[in-house]
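Fair warning: this is a prediction, and the values are worked out from it, not measured in the lab. This chain uses plain numbering: 1 for the first residue, then up along the sequence.
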Amino acid sequence: MSFPVITIDGPSGAGKGTVCLKLAQALDYRLLDSGALYRIVGLKAFEAKLLTNTELDSKDEENIAELTNKLHIQFLPRETGEVDIVVNGSNVAGEIRNETVGGYASKVAALPKVRAALLALQKNMANDSGLIADGRDMGTVVFPNADAKVYLTASAEARANRRVAQLEQAGQSADYQAILHSIQQRDERDENRSVSPSKSAEDALVLDSSQMSAEEVYSKIKEFCQTKGICFSD
C-alpha cells in the first residue's frame with residue numbers, strides 16, 4: 001500500500017513551515033522538515049565525537065553515515081504551532097537552531113554517503129503514513145512521484161520583512177538591509193548549485209505568497225490537493 005505524499009518546496013521565509021504544519025494537522029499526516037535533517041546529523045555526530053577532525057576523511061564519513069542510518073526522527077506538531085523534533089526518543093528542537101550546530105551541519109552535508117543515507121531516511125518516512133514534506137528539492141529529487149507538489153515562493157523583500165517582524169516580536173534587533181542581502185545571497189546559491197538546485201517541479205502548483213495571508217496560502221494549496229484526490233475531513 002502506498003501513502004499520499006504532498007511536497008512543499010521553496011525558499012526560506014515563503015511560509016512553508018506554517019502551511020506544512022497546518023496540512024499535517026488537517027490530514028493527520030506525518031511531517032518532514034528536511035531543512036532540520038543535516039543539523040540533526042551534525043549535532044549527533046558531534047555528540048558521538050565524530051567531528052573531531054578539521055578535515056573529515058573516508059573513515060569519518062563511513063562512521064557518520066552509519067550513525068545516520070540508526071537515527072529515528074519524528075517531527076511532532078504541537079497545538080501551539082511549534083514542532084517537537086524527537087531523535088531516538090529525545091526532543092532536540094531547542095538544540096539544533098544555533099550557529100554552532102549550523103557549522104556541524106555544513107560539515108556533514110558535504111559527505112556523499114551521509115547525503116545518501118538521509119535520502120533513504122526521507123523516502124522511508126512515507127512508507128507507513130501520509131507525508132507532508134517541507135524542503136527545497138522534495139518534489140524534484142526526493143519524492144518525484146508525489147501525489148501533489150507545491151512550489152511556494154515570495155519576493156526577497158517580503159521575506160526580509162517577515163524575518164524582521166519575527167525577530168522584533170522576539171525582542172531582538174533586526175537590520176532589514178542586512179537580512180535582505182543575506183536572503184538574496186542564499187537564493188543565488190540555492191538556485192545555482194550543481195546538486196539539487198532549488199526549483200519548482202514541472203507539475204507543481206507555483207504560488208507567490210508575497211501578498212497572501214497564511215490562510216489564503218493554505219486555502220489555495222488545500223484546493224489544489226483536493227483536485228489531486230486528497231481528501232480533507234474539514
Side-chain angles (χ1 to χ4, degrees), residues 2-24 27 29-42 65 68 71 73 75 83 102 105-106 108-156 158-159 183-210 212 217-218 220-230:
S2 61
F3 291 88
V5 175
I6 300 171
T7 62
I8 313 288
D9 288 317
S12 176
K16 301 194 308 295
T18 300
V19 74
C20 284
L21 177 61
K22 190 160 186 176
L23 286 167
L27 291 164
Y29 284 8
R30 183 176 291 178
L31 182 63
L32 165 59
D33 176 359
S34 65
L37 293 179
Y38 287 104
R39 288 176 173 268
I40 291 168
V41 173
T68 303
L71 295 178
I73 301 171
F75 297 93
V83 178
S106 67
V108 301
L111 305 175
K113 289 183 179 178
V114 174
R115 297 185 74 91
L118 278 177
L119 180 61
L121 183 152
Q122 290 173 91
K123 288 180 178 291
N124 288 340
M125 290 184 74
N127 285 346
D128 56 5
S129 170
L131 183 70
I132 310 295
D134 170 347
R136 285 177 172 75
D137 61 357
M138 296 294 98
T140 54
V141 175
V142 183
F143 299 106
N145 298 316
D147 299 80
K149 303 176 188 177
V150 176
Y151 189 82
L152 185 61
T153 189
S155 69
R159 287 183 282 137
I183 286 172
Q184 291 169 330
Q185 285 188 314
R186 183 170 182 177
D187 286 351
E188 177 69 20
R189 288 195 305 269
D190 287 348
E191 292 168 10
N192 294 289
R193 65 191 181 209
S194 58
V195 178
S196 302
S198 179
K199 62 179 182 179
S200 65
E202 290 184 2
D203 54 346
L205 168 69
V206 179
L207 273 184
D208 186 326
S209 70
S210 301
M212 298 174 70
V217 170
Y218 172 75
K220 288 282 188 184
I221 293 176
K222 175 183 175 180
E223 186 178 300
F224 174 69
C225 290
Q226 287 173 323
T227 70
K228 298 293 184 178
I230 295 170

note = With sequence neighbours left out, the residues meeting side-chain hydrogen bond (donor to acceptor under 3.5 Å, both in side chains) with T7 are none
inquiry  = Any non-hydrogen side-chain atom of L121 less than 4.5 Å from a side-chain atom of N124?
reply    = no
inquiry  = Please evaluate residues K199 and R136 with respect to the criterion side-chain contact (heavy atoms from CB on, under 4.5 Å), reporting the C-alpha separation (whole Å), side-chain torsions for both, the decisive distance (0.1 Å), and the verdict.
reply    = CA-CA 7 Å; K199 62 179 182 179; R136 285 177 172 75; over 6 Å; no
inquiry  = Test of understanding: with side-chain contact (heavy atoms from CB on, under 4.5 Å), list the residues that count as partners of E223, not counting sequence neighbours.
reply    = none
query = Which pair of heavy atoms, one from L119 and one from V142, lies closest together, and at what distance?
reply = CD1-CG2, 3.8 Å
inquiry  = If I take atom CZ from residue R39 and atom OG from residue S106, how far apart are they, to the nearest 0.5 angstrom?
reply    = 9.5 Å
inquiry  = Please determine whether side-chain contact (heavy atoms from CB on, under 4.5 Å) holds for the pair M212 and Y218, giving the CA-CA distance in whole Å, both sets of side-chain angles, and the decisive distance to 0.1 Å.
reply    = CA-CA 10 Å; M212 298 174 70; Y218 172 75; over 6 Å; no
inquiry  = Give me the atom names and distance for the closest heavy-atom approach of A156 to Q184.
reply    = CB-CG, 4.0 Å
query = So, do P4 and L131 sit near enough that their side-chain heavy atoms are less than 4.5 Å apart?
reply = no
key: Pairing residues for A201 by the side-chain contact (heavy atoms from CB on, under 4.5 Å) criterion, not counting sequence neighbours   = T140, K149, D203, A204
message = I need the I230 CD1 to L23 CG distance, nearest 0.5 Å.
response = 9.0 Å
note = Value for NZ (K220) from CG (L152), rounded to nearest 0.5 Å, stands at 13.0 Å
inquiry  = The test is side-chain contact (heavy atoms from CB on, under 4.5 Å); show your working for V5 and N145 and say whether it passes.
reply    = CA-CA 8 Å; V5 175; N145 298 316; over 6 Å; no
inquiry  = Using the side-chain hydrogen bond (donor to acceptor under 3.5 Å, both in side chains) criterion, which residues pair with K22? Sequence neighbours excluded.
reply    = E215
ask   = Residues two or more places apart in sequence or in another chain: which of them pass side-chain hydrogen bond (donor to acceptor under 3.5 Å, both in side chains) with D147?
value = none
request  = Could you walk me through whether F3 and N127 pass side-chain contact (heavy atoms from CB on, under 4.5 Å), step by step?
outcome  = CA-CA 7 Å; F3 291 88; N127 285 346; over 6 Å; no
note = In this structure, OG of S200 is separated from CG of D9 (nearest 0.5 Å) by 9.0 Å
key: Minimal non-hydrogen separation, A109 against R115, with atom names   = O-NH1, 2.9 Å
request  = Working to the nearest 0.5 Å, report the span between CG of L32 and CG of L37.
outcome  = 6.0 Å
query = Hey, does D208 have a side-chain heavy atom less than 4.5 Å from the side chain of V206?
reply = no
OH-SG distance between Y29 and C20, expressed to the nearest 0.5 angstrom = 13.5 Å
ask   = What pairs with P11 under side-chain contact (heavy atoms from CB on, under 4.5 Å), at least two apart in sequence or on another chain?
value = A14, Y151, T153, R159, D187
key: Qualifying residues under side-chain contact (heavy atoms from CB on, under 4.5 Å), relative to S155, sequence neighbours excluded   = E157, A158, S210
query = At their closest point, which heavy atom of V217 faces which heavy atom of S209, and how far apart are they?
reply = CG2-CB, 3.8 Å
inquiry  = Is the shortest side-chain heavy-atom distance between L118 and Y38 below 4.5 Å?
reply    = yes
note = The salt bridge (Lys or Arg N to Asp or Glu O under 4.0 Å) partners of K228 (sequence neighbours excluded) come to none
message = Taking salt bridge (Lys or Arg N to Asp or Glu O under 4.0 Å) as the cut-off, I'd like each qualifying pair that reaches into residues 123-133, sequence neighbours left out, listed once.
response = R30-D128
